[in-house]
Amino acid sequence: MPNKKNSLLENLSDLCRIPSPSLHERDAVKALARKIRDLGYEPLEDDAAASLGGDCGNIVVKVPGTGKGPRLLFAAHMDTVERPGGQPSTLCVDGDWVSRKGGGVFGADDKAGVAVLLEVLSRLKKEERKHGDLVFVFTMAEEIECLGAGELDPEIYFGLDAGIALDYTSPSDIVVAAPTKVSFRITVHGISGHAAFPERKINAAHVMAQTLARLPMGRLDEFTTANLGVMRSGTAINVIPGTAYAEYEMRSHRKDVLDFHVKRVIGTIEGVVRENRVFALGREGAGMGGDGDEGDGDVIRIRHSQVDVDVEVGYEGYRIDDGAPVVQRLRAAVIKAGLEPNIVIAQGGSDANIFNRRGLPSVVLGCGMYGAHGSNERANLEDMRNCVEVLLHAIADARVSARVSARGKAGR
Ligand SMILES: [Zn+2]
């Protein structure tokens with residue numbers, strides 16, 4: 001089947017050559033829209049660019065039903081994490097493996113998924129397949145907390161049975177659960193000054209260090225993990241830092257467990273910050289903000305360090321029952337494609353988190369991309385071909401597909 005292999009590879013390479021970091025997907029989306037039109041479909045762009053401050057919106061392709069079959073939403077995301085220097089990638093093809101020449105991020109996450117969906121659109125038309133209503137969604141800004149999918153018009157979900165996002169490794173992998181993620185952005189305010197005059201100062205970096213040392217880290221329980229990802233403070237060795245900043249996250253498959261941890265973390269941060277205080281003499285009504293309030297000393301004041309904690313739910317988790325129709329249908333489709341289904345509980349979020357929150361039961365399916373975000377990112381063409389077959393089986397009305405395969409066998 002040289003044709004299938006070539007169009008998958010061609011679309012993957014064309015799209016991966018165009019850098020499309022989150023909120024800067026315009027050039028890649030232009031190329032994608034052209035390809036969609038060449039296949040005989042109409043790509044519609046929504047208003048997500050304006051609401052998110054990006055340079056393009058989500059692309060939606062509605063494919064009205066031609067017969068019986070499930071009404072499905074398919075999704076893949078157009079944005080990628082930043083590649084080194086934002087340079088276009090030169091790809092290296094070795095058998096079925098495609099990678100960036102010299103290694104590194106080239107955008108297989110999630111352009112392998114995008115190329116698979118283009119192939120499915122092409123096959124539906126060429127082979128005049130019978131199917132129910134289908135919606136293909138190419139999202140922007142997925143890598144930044146799935147913001148693009150969050151902007152999709154809720155109207156697109158109406159009348160659909162289920163969603164399938166292509167954003168994982170092997171096409172036999174069906175992701176039925178993903179965690180809820182909470183981000184903490186922590187800013188400690190102290191009192192800055194010269195290192196040689198520490199009196200009545202509060203070293204914000206030191207307060208932050210004490211705080212972070214008391215926060216839970218790594219795996220907390222079978223459902224939950226925590227990570228300190230960013231910390232910044234200080235300008236020079238001889239300056240007492242006045243502020244310190246950190247970013248910390250927790251993710252969990254159990255909402256109640258996560259709530260418990262979140263409350264404890266906030267309590268810990270507030271406790272440490274309260275412990276760090278200075279006693280200072282000051283004049284009634286004078287500010288206590290820094291070096292300038294020596295005062296005449298009629299009032300003793302206590303000045304605490306202060307903290308701003310910005311807690312945000314990045315995405316909400318989901319858990320689809322193994323017996324749910326979308327899982328059963330995909331399992332059957334994976335088997336028909338000659339693979340062994342594998343049910344997966346994921347540790348990261350995807351657009352499927354958003355679809356589930358909107359009420360559309362959705363899972364993630366692998367599409368042949370490996371080593372996402374890392375120095376060894378690669379795509380596998382055989383897995384991408386298999387993913388196309390799995391989706392075509394999933395689209396087909398079960399009775400129709402049984403007839404087709406019986407005929408196919410007889411003809412061979
Ligand atoms: Zn992805």
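In this chain, residues are counted from 1 in sequence order. First listed ligand is number 1; within each ligand, the first listed atom is number 1.
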Self-check item: Qualifying side-chain hydrogen bond (donor to acceptor under 3.5 Å, both in side chains) pairs with a residue from residues 210-225, counting only residues at least two apart or across chains
Solution: His206-Gln210, Gln210-Asn276, Arg214-Glu275, Asp221-Thr224, Asp221-His261, Thr224-Ser252
Quiz item: the Zn ion (ligand 1) to Asp109: any N/O/S contact under 2.8 Å?
Solution: yes
Practice problem: Kindly give the atom name of the N, O or S atom of Asp167 closest to the Zn ion (ligand 1). | Solution: OD1
Quiz prompt | Main-chain N/O of Gly349 paired to Asn353 side chain as donor or acceptor, under 3.5 Å | solution = no
Quiz item: Do the charged groups of Arg329 and Asp161 touch, with an N to O distance under 4.0 Å?
Solution: no
Quiz item: So, Glu143 and the Zn ion (ligand 1): N/O/S under 2.8 Å, yes or no?
Solution: no
Self-check item: Heavy-atom neighbours of Asp259 CG exceed 12 at 6.0 Å
Solution: yes
